Amino acid sequence: MQKLKVFSAAFVVFSLLHIGAAKDLRTVTEPKNPEICTSLNATSDDDTQTIQKALDSCTKGQAVALLSNSTFYAGPLTIPSGVSLLVEEHAILRAIPNPKLYDKGANKCGTYDDYGGECKAFISILKANGSGIYGKGTIDGQGGAYINSQNVTWWEVSSAARQHDKVPNNPPIIQINNSVDITLYQIVLRNAPLDHINSRKTTGLTVWKVTIYTPKASSSTDGIDMDGNQNVTIAHTKITTTSYTIVIRASEAPSRHISAYNLHLNRAYGTAIGTNTKHGVSNVNFSNITMTILTYGINIVTNSLNGGLVANISYNNICMYRVRHPVHLDMFSPNITGNLKPQFMNIFLNKVQVGNSGDFVFHGIEKSNPIEVELHNTRVSKGSSWSVKNAIVTGDWKDDLNGRTHCPHNVNNLLE
Ligand SMILES: *[C@@H]1O[C@H](CO)[C@@H](O)[C@H](O)[C@H]1NC(C)=O
Ligand SMILES: *[C@@H]1O[C@H](CO)[C@@H](O)[C@H](O)[C@H]1NC(C)=O
Ligand SMILES: *[C@@H]1O[C@H](CO)[C@@H](O)[C@H](O)[C@H]1NC(C)=O
Ligand SMILES: *[C@@H]1O[C@H](CO)[C@@H](O)[C@H](O)[C@H]1NC(C)=O
Ligand SMILES: *[C@@H]1O[C@H](CO)[C@@H](O)[C@H](O)[C@H]1NC(C)=O
Ligand SMILES: *[C@@H]1O[C@H](CO)[C@@H](O)[C@H](O)[C@H]1NC(C)=O
Ligand SMILES: *[C@@H]1O[C@H](CO)[C@@H](O)[C@H](O)[C@H]1NC(C)=O
Ligand SMILES: *[C@@H]1O[C@H](CO)[C@@H](O)[C@H](O)[C@H]1NC(C)=O
Ligand SMILES: *[C@@H]1O[C@H](CO)[C@@H](O)[C@H](O)[C@H]1NC(C)=O
Ligand SMILES: *[C@@H]1O[C@H](CO)[C@@H](O)[C@H](O)[C@H]1NC(C)=O
């Protein structure tokens, strides 16, 4: 056992942090598929209008089914309030890779600039109540397909944007804005040109048994990107992407009451709370999570331009293997300054186990405003490095782990 050194505070009160109701306040159980209003076969042509008409005339509470063993091609679709889309097992819905279809009007979709946001999503859910996407089928964003006569792919637009420090104008697969009670169940989301799921100012979001996958060669693909959401459950889901698997921001509204459990987050940049936490992130609970091949594992980052209060964040039973920065709590990321000082309070890590040596960072902004973290049953590997500044880190840790055997299931076949 080694006691963590506390560098910053003269007096440390060793008491259990009290985190109540760090979770989705709803009682969430496994979703059930809705009844079907209309079933469709693919025509092998552009099915946008057929699918959209079926959605628009579907009875609230029911779903339009895309039937098994067909491949549908479509441009942007909007799921109306109360209605759902069900993609049956062995059915595929592919996004037609033509930027003109998604363009919001400035003729910039498929290019990069300083701001991004010039494309409609493949599937939009806007100001809806009780809509969803169901079924064991696949929605393919075709991020690797050529989008123009120059044989450029959506992902190449993203890579070029990154190289020039710009933002790509690519469509996310699913955009959920200002909605209530939205469910994504069982669906497989692949090859997003940008985010797979982007959810803004939404209350009541359930993501259950969803699979998200993009190949290594993709660029700027987030799994689930949330800003200003409340009452969220993400459960039994596997995410393999190139950017963030799950990111929680608060640039437009507070993000709070979020439960994420029984997940495998794999081969990606990592997870994040931040970097914009302006309206506050609180009452978040990550439990039973396997994290493999990530740059950042537990990662809470902001700065004094976009700071705000990050409080009551609980991580339980997190197994990591091949994660370079297993715990990274940093108020200088990036190091830009403004007048909104960040505050990280009541951050609780229980049974966080890391099978590789890595960098552990706790960097608060000033002594009078320390990061407050409590560790329990933390086990890491020998050779890990710890950097603690302006932080009160209490609890114990052991450096007796090595390899992947501490993970709950055999992660062997999950590595790639
Ligand atoms: C954090 O949890 C404590 C204890 O339940 C509660 O008093 C406090 O209001 C919470 N903080 C936020 C920002 O929700
Ligand atoms: C977080 O969720 C786990 C699993 O549901 C639960 O056991 C734990 O009590 C929760 N923690 C908090 C602080 O709500
Ligand atoms: C979250 O869910 C709880 C329980 O259903 C509900 O009381 C609360 O109003 C919801 N929060 C928001 C912001 O709607
Ligand atoms: C879909 O195609 C299958 C196989 O060709 C056919 O049996 C079924 O009736 C079709 N369903 C609809 C709703 O068109
Ligand atoms: C779809 O194809 C699979 C495998 O070829 C087959 O087992 C299944 O019965 C088919 N489903 C339908 C609805 O035709
Ligand atoms: C959403 O719809 C339900 C009924 O399906 C209704 O009770 C609820 O008030 C609606 N919520 C909002 C925010 O419109
Ligand atoms: C794009 O690819 C097609 C098929 O591979 C090829 O015929 C064509 O010459 C390519 N165009 C450019 C501009 O590279
Ligand atoms: C969804 O919300 C985001 C963030 O506020 C905004 O940029 C985007 O334009 C919205 N999309 C639509 C279609 O309203
Ligand atoms: C987490 O895993 C433990 C044992 O592996 C299990 O007992 C518990 O129910 C799981 N928690 C959740 C929230 O599923
Ligand atoms: C942030 O930038 C300031 C000003 O350039 C510098 O003095 C400070 O050391 C930097 N802090 C960190 C943590 O990099």
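Note that the structure is a prediction, hence the values are computed from the model and not measured.
- Put simply, CZ on Phe362 and CG on Leu329 are 5.5 Å apart, with the number rounded to the nearest 0.5 Å.
- No side-chain donor-acceptor contact under 3.5 Å links Thr221 to the backbone of Ala192.
- In this model, no donor atom of one side chain and acceptor atom of the other lie less than 3.5 Å apart for Asn312 and Ser282.
- Rounding to the nearest 0.5 Å places CG of Leu66 at 8.5 Å from CD of Glu88.
- The aromatic rings of Tyr261 and Trp208 stand perpendicular to each other, their planes meeting at an angle above 60°, with 30° marking the opposite boundary.
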Worked check of side-chain contact (heavy atoms from CB on, under 4.5 Å) between Leu340 and Asn306: CA-CA 6 Å; Leu340 199 53; Asn306 300 306; 5.9 Å; no
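- Lys104 is not listed as a side-chain neighbour of Cys109, based on a closest heavy-atom distance of 4.5 Å or more.
- Between Tyr296 and His325, the ring planes lie parallel to each other; the angle is under 30°, not in the 30° to 60° tilted range.
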Taking it one step at a time, do Ile176 and Ile197 satisfy side-chain contact (heavy atoms from CB on, under 4.5 Å)? CA-CA 8 Å; Ile176 303 164; Ile197 301 168; 4.2 Å; yes
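- Going from atom OG1 of Thr394 over to atom CD of Glu372 covers 9.0 Å, rounded to the nearest 0.5 Å.
- Val354 has its side chain out of reach of Leu401: every pair of non-hydrogen atoms, C-beta onward, lies at least 4.5 Å apart.
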Step by step, work out the side-chain contact (heavy atoms from CB on, under 4.5 Å) result for Tyr321 and Ser381. CA-CA 10 Å; Tyr321 181 62; Ser381 294; over 6 Å; no
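- Heavy-atom minimum distance, Thr48 versus Gly75: OG1-N, 2.9 Å.
- Of all heavy-atom pairs between Pro34 and Gly61, the closest is CB-O, 3.5 Å.
- In terms of modelled atom types and a separation under 3.5 Å, the side chain of Asn317 and the main chain of Ser287 share no donor-acceptor contact.
- Counting only heavy atoms from C-beta outward, the side chains of Thr302 and Phe344 approach each other to under 4.5 Å.
- Between the OG1 atom in Thr78 and the NZ atom in Lys120 there is a gap of 7.5 Å [rounded to 0.5 Å].
- Listed here is the closest heavy atom pair of Leu93 and Leu85: CD2-CD2, 4.0 Å.
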Verdict with supporting geometry, Ile246 and Leu263, side-chain contact (heavy atoms from CB on, under 4.5 Å): CA-CA 11 Å; Ile246 296 178; Leu263 309 179; 3.7 Å; yes
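- Residues Thr50 and Phe72 form no side-chain contact, since every pair of their non-hydrogen atoms from C-beta on lies 4.5 Å or further apart.
- In this structure a side-chain-to-backbone donor-acceptor pair under 3.5 Å is present from Arg26 to Asn231.
- At a threshold of 4.5 Å between non-hydrogen side-chain atoms, the residues Thr214 and Trp155 count as touching.
- At a cut-off of 3.5 Å, with distance as the only test, a side-chain donor of Asn316 or Asn285 sits close to an acceptor on the other residue.
- The neighbour count for Glu35 CD, taken as heavy atoms of other residues, nucleotides or ligands under 6.0 Å away, does not exceed 12.
- Between the Asp222 side chain and the Asp195 main chain, no donor and acceptor come within less than 3.5 Å of each other.
- By the neighbour-count criterion of 12 heavy atoms within 6.0 Å, atom CG of Asn339 is sparsely surrounded, having that number or fewer from other residues, nucleotides or ligands.
- Relative orientation of the Phe360 and Trp386 rings is parallel, given thresholds of 30° and 60° on the angle between their planes.
- Enclosure of atom CG in Asp165 is not indicated, since only 12 or fewer non-hydrogen atoms of other residues, nucleotides or ligands lie within 6.0 angstrom.
- For the side-chain hydrogen bond (donor to acceptor under 3.5 Å, both in side chains) with Arg249, the lone residue among Asp225, Asn276, Asp227, Thr275 that qualifies is Asp225.
- With no hydrogens or angles considered, no side-chain donor-acceptor pair links Asn191 and Gln142 at under 3.5 Å.
- No donor-acceptor contact under 3.5 angstrom links the side chains of Ser255 and Asn229, judged on distance only.
- No donor-acceptor distance shorter than 3.5 angstrom exists from the side chain of Asn170 to the backbone of Leu194, with no hydrogens or angles considered.
- Of the possible donor and acceptor atoms, none in the side chain of Thr277 sits under 3.5 Å from a partner among the backbone N and O of Gly274.
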What's the verdict on side chain to side chain donor-acceptor pair (under 3.5 Å) for Asn350 and Asn377, showing C-alpha distance, side-chain angles and the deciding distance? CA-CA 6 Å; Asn350 181 40; Asn377 307 313; 3.0 Å; yes
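- Under a 3.5 Å cut-off, the side chain of Asp24 and the backbone N or O of Thr27 do not form any donor-acceptor pair.
- The closest side-chain heavy-atom distance from Thr295 to Tyr269 is below 4.5 Å.
- In this structure, Gly143 and Thr153 approach most closely via the heavy-atom pair O-CB, 3.6 Å.
- Taking every heavy atom of both residues into account, Thr290 and Cys407 meet most closely at CG2-SG, 4.4 Å.
- Side-chain N or O atoms of Lys341 include none that pairs as donor or acceptor with a backbone N or O of Gly307 at under 3.5 Å.
- Distance CG/Leu77 to CD1/Ile125: 11.0 Å, rounded to 0.5 Å.
- Side-chain contact check for Pro326 versus Val352: every heavy-atom pair is 4.5 Å or farther apart.
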Check the pair Thr242, Ser218 against side chain to side chain donor-acceptor pair (under 3.5 Å), reporting the backbone distance first and the verdict last. CA-CA 6 Å; Thr242 46; Ser218 65; 3.2 Å; yes
Should Thr43 and Asp45 be marked as a side chain to side chain donor-acceptor pair (under 3.5 Å) after you check the CA-CA gap, both sets of side-chain angles, and the distance that decides it? CA-CA 5 Å; Thr43 61; Asp45 208 346; 5.4 Å; no
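- The main-chain N or O of Lys108 is found under 3.5 Å from a side-chain atom of Asp103 such that the two form a donor-acceptor pair.
- The environment of Asn107 atom CG is sparse: at most 12 non-hydrogen atoms of other residues, nucleotides or ligands sit within 6.0 angstrom.
- Here CD1 of Ile371 is found 4.5 Å from CE of Met331. Values are rounded to the nearest 0.5 Å.
- Evaluated for a salt bridge (charged side-chain N to carboxylate O under 4.0 Å, His left out) with Arg379, the options Asp400, Asp396, Asp399 yield exactly one hit, Asp400.
- His196 and Gly223 make their closest contact through CB-O, 3.4 Å (heavy atoms, listed as atom of the first residue, atom of the second, distance).
- Environment of CZ in Arg324: sparse, with no more than 12 heavy atoms of neighbouring residues, nucleotides or ligands closer than 6.0 Å.
- Judged by distance alone, with hydrogens and angles left aside, the side-chain atoms of Thr271 form a donor-acceptor pair with the main-chain N or O of Gly297 at under 3.5 Å.
- In this structure, Glu30 places its CD atom where more than 12 heavy-atom neighbours from other residues, nucleotides or ligands lie under 6.0 Å away.
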Check the pair Arg404 / Thr292 against side chain to side chain donor-acceptor pair (under 3.5 Å), numbers first and verdict last. CA-CA 9 Å; Arg404 64 184 72 156; Thr292 46; over 6 Å; no
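- Ionic pairing of Asp140 and Arg94 is present here: one or more N-O contacts between side-chain nitrogen and carboxylate oxygen are shorter than 4.0 angstrom.
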